[in-house]
Undergrad: 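Structure in structure tokens, see below.
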2 protein chains.
Amino acid sequence: MDRIETPPDVVIRRLPLYARSLRYLLQEDVRSVSSQELGERINVTAAQIRKDLSYFGEFGKQGIGYDVEKLLNQIERILGLNQEWPVGLIGIGHLGEAIARYEGFRRQGIRIAALFDSDPNKIGTDINGLTIQDDTHIERAMREQGVKLAIIAVPATRAQEVADMLVSAGVRAILNYAPMVIQVPENVWVRHIDPVAVLHSMTYYLAREEDKES
Amino acid sequence: MDRIETPPDVVIRRLPLYARSLRYLLQEDVRSVSSQELGERINVTAAQIRKDLSYFGEFGKQGIGYDVEKLLNQIERILGLNQEWPVGLIGIGHLGEAIARYEGFRRQGIRIAALFDSDPNKIGTDINGLTIQDDTHIERAMREQGVKLAIIAVPATRAQEVADMLVSAGVRAILNYAPMVIQVPENVWVRHIDPVAVLHSMTYYLAREEDKES
DNA sequence: ATTTGTGAATGGATTCACAGCG
DNA sequence: CGCTGTGAATCCATTCACAAAT
């Protein structure tokens, strides 16, 4: 009823999955959903979904479930997706270019707003209507546009340096694709996307299966 | 001393980070490292590292720390990285192409071994010496090469269908880049890489900061 | 009859703290 | 003296189970 507790970060990380699933349901013209049904779609228990949502209020109706559109709107508001977030992208290699061209961001509250690289051959060229800028201009450009979010897609060796520039540019949240843990002040959020590490954690299980077979 | 407990998955997911950090240390010619020093590099507590490693054996020396090269070898062996893992990649859009061209895999036990797409304009073209195949050939091609690991980089609408094909091809672990939770039998491992969800979990905190400022 | 919201109970993961070894 | 390895203690997350609502 009265919510004093601040929601733990695990809960915050699940909310976007709930939101996405609700968007798909909406596309399928499903109007109402129970925690049970929602959970089956995303492999989360019904109790978990209900408990997670309870950190933010009461959104369901007993005996009925949740109104898909209403719940989606609530979760999007909670996540701050009722506004558009400009994002700076640093490092326009193969990966950076794929990120810059990805349509899935724009549709979901994320707008790639500035591109940076250090390669003189890339600086000045355009991708999707945005000009790649010299990454020494990060601070000025990001401040001008009030960008608080950035994506790092540079090689590991340059990641910390770029992170430092972002922090002095006033960036408060970083999505790091570089295979390197970066150090930032405690008021800056960092999340790491690390496909190699993820694959390596799965080879562990594959290797053990091979052992079992002998 | 005697290890009966099977290591929890959280521990397995951290091992690749330890391995990577040790590789960097080795490159810097650091021979020996304490759990404290290692932890500072990757923002993990010293106790956590020691406890994690204790699931697999005793690798350190009291008063000294760990021999970097030895510990790295041990962890790589645990993760099954003493062998090379062929991987099938399905979906050669911007992202799939970036993955196919990424050098960071090959160097770390992962070899992209087959590319698939459904677009006739792409099928037959080459990337990095590999020919893109029709994705209806997944089962035959993957079985022939004994591929147990796959990466899905297709749009959300096709992800489940592709996952089903991979499962019948005998694939046992899937890295899913599609913004969609896929359903697989319980003997198949799935990990999801979801940059949009990650960004959305950070906009939550950014939005709250904005509120605080008013 | 069905499903929510939530305290209580359980189950896990992390941290503590220290004996024991080099 | 420094640092590991590890039981015990703590902290946190998930699940249970049921009263309340419709």
Side-chain angles (χ1 to χ4, degrees), chain A residues 1-18 21-22 25 30-72 74-75 78 181 201 204, chain B residues 1-18 21-22 25 30-72 74-75 78 181 201 204:
Chain A
M1 191 110 284
D2 40 4
R3 299 146 245 128
I4 16 161
E5 286 180 281
T6 71
D9 188 60
V10 260
V11 172
I12 304 305
R13 292 199 322 260
R14 277 191 296 264
L15 290 184
L17 305 183
Y18 303 159
S21 191
L22 291 165
L25 284 165
V30 177
R31 301 300 180 83
S32 178
V33 71
S34 66
S35 55
Q36 181 68 33
E37 294 164 324
L38 185 58
E40 279 164 11
R41 293 201 160 221
I42 53 180
N43 300 334
V44 170
T45 65
Q48 176 119 81
I49 292 177
R50 295 202 302 276
K51 172 128 285 201
D52 284 357
L53 295 177
S54 77
Y55 282 100
F56 305 97
E58 307 189 358
F59 305 110
K61 277 207 194 347
Q62 280 110 326
I64 307 285
Y66 301 87
D67 180 287
V68 172
E69 190 169 11
K70 259 195 206 145
L71 181 57
L72 175 56
Q74 299 276 13
I75 295 178
I78 292 165
V181 174
S201 73
Y204 169 82
Chain B
M1 193 109 285
D2 40 7
R3 300 146 247 129
I4 16 163
E5 287 180 281
T6 71
D9 188 61
V10 260
V11 172
I12 305 305
R13 291 200 321 261
R14 278 191 294 264
L15 290 184
L17 305 184
Y18 302 160
S21 191
L22 291 166
L25 285 165
V30 177
R31 301 299 180 84
S32 177
V33 71
S34 66
S35 54
Q36 181 68 33
E37 295 164 323
L38 185 58
E40 279 164 11
R41 293 203 159 217
I42 53 181
N43 300 333
V44 171
T45 64
Q48 177 118 83
I49 292 177
R50 295 202 302 274
K51 173 130 282 204
D52 284 357
L53 294 178
S54 77
Y55 282 99
F56 305 97
E58 307 189 357
F59 306 110
K61 278 211 194 342
Q62 281 108 326
I64 308 285
Y66 300 88
D67 180 288
V68 172
E69 189 169 11
K70 259 196 205 147
L71 181 57
L72 175 57
Q74 298 275 13
I75 295 179
I78 292 166
V181 174
S201 73
Y204 169 82

Undergrad: Give the rounded distance in Å between these two atoms: CG of B:Leu53 and C1' of D:dC3.
TA: 13 Å

Undergrad: Let me know the distance between CD of B:Gln48 and P of D:dA9, rounded to the nearest Å.
TA: 20 Å

Undergrad: To the nearest angstrom, how far is A:Lys61 atom NZ from D:dT22 atom C1'?
TA: 9 Å

Undergrad: Whole angstroms only, please: what is the CZ-P distance between A:Phe59 and C:dG5?
TA: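 About 8 Å, once rounded to whole Å.
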
Undergrad: Could you check whether any side-chain heavy atom of A:Arg13 comes within less than 4.5 Å of a side-chain heavy atom of B:Tyr204, counting everything from C-beta outward?
TA: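 In short, these two side chains do not touch, never coming nearer than 4.5 Å.
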
Undergrad: Select one nucleotide: of D:dT15, C:dG5, D:dT6, the one nearest the side-chain heavy atoms of A:Glu58.
TA: C:dG5

Undergrad: Check whether any side-chain N or O of B:Ser35 sits under 4.0 Å from OP1 or OP2 of D:dT4, and answer yes or no.
TA: yes

Undergrad: Which of the following nucleotides, D:dT14, D:dT4, C:dT14, is nearest to the side chain of B:Val10?
TA: C:dT14

Undergrad: Measure NZ/A:Lys51 against P/D:dT14 and give the value in whole Å, please.
TA: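 The distance from NZ of A:Lys51 to P of D:dT14 comes to 11 Å, rounded to the nearest Å.
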
Undergrad: Round to a whole Å and report the spacing from CD of A:Gln74 to C1' of C:dT4.
TA: 15 Å

Undergrad: Measure the distance from CD1 on A:Ile64 to C1' on C:dT4 and round it to the nearest whole Å.
TA: 11 Å

Undergrad: Quick one: do B:Leu72 and B:Leu25 satisfy side-chain contact (heavy atoms from CB on, under 4.5 Å)? Show the steps, please.
TA: CA-CA 10 Å; B:Leu72 175 57; B:Leu25 285 165; over 6 Å; no

Undergrad: For A:Ala47 and A:Asp9, take the nucleotide of DNA chain D holding the closest heavy atom to each; which residue's nucleotide lies nearer the 5' end?
TA: A:Asp9

Undergrad: Between D:dT6, C:dT15, C:dG7, which nucleotide gets closest to the side-chain atoms of B:Ser54?
TA: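 Nearest to the side-chain atoms of B:Ser54, counting from C-beta on, is D:dT6.
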
Undergrad: What do the steps show when you test B:Val181 against A:Ser21 for side-chain contact (heavy atoms from CB on, under 4.5 Å), and what is the final call?
TA: CA-CA 9 Å; B:Val181 174; A:Ser21 191; over 6 Å; no

Undergrad: Taking CD from B:Gln36 and C1' from D:dG5, how many angstroms apart are they, rounded to a whole number?
TA: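 Computing the B:Gln36:CD to D:dG5:C1' distance gives 16 Å.
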
Undergrad: Walk me through whether A:Ile75 and A:Phe56 qualify under side-chain contact (heavy atoms from CB on, under 4.5 Å).
TA: CA-CA 9 Å; A:Ile75 295 178; A:Phe56 305 97; over 6 Å; no

Undergrad: So, is B:Gln62 near the phosphate of C:dG20, with a side-chain N or O under 4.0 Å from OP1 or OP2?
TA: no

Undergrad: Quick check: on DNA chain C, is the nucleotide nearest A:Tyr66 upstream (toward 5') of the one nearest B:Arg50, or the reverse? Name the residue that is more 5'.
TA: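 Nearest-nucleotide comparison on DNA chain C picks A:Tyr66.
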
Undergrad: Is the backbone of A:Thr45 close enough, under 3.5 Å, to the side chain of A:Gln48 for a donor and an acceptor to pair up by distance?
TA: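 No, because the side chain of A:Gln48 does not come within donor-acceptor range (under 3.5 Å) of the backbone of A:Thr45.
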
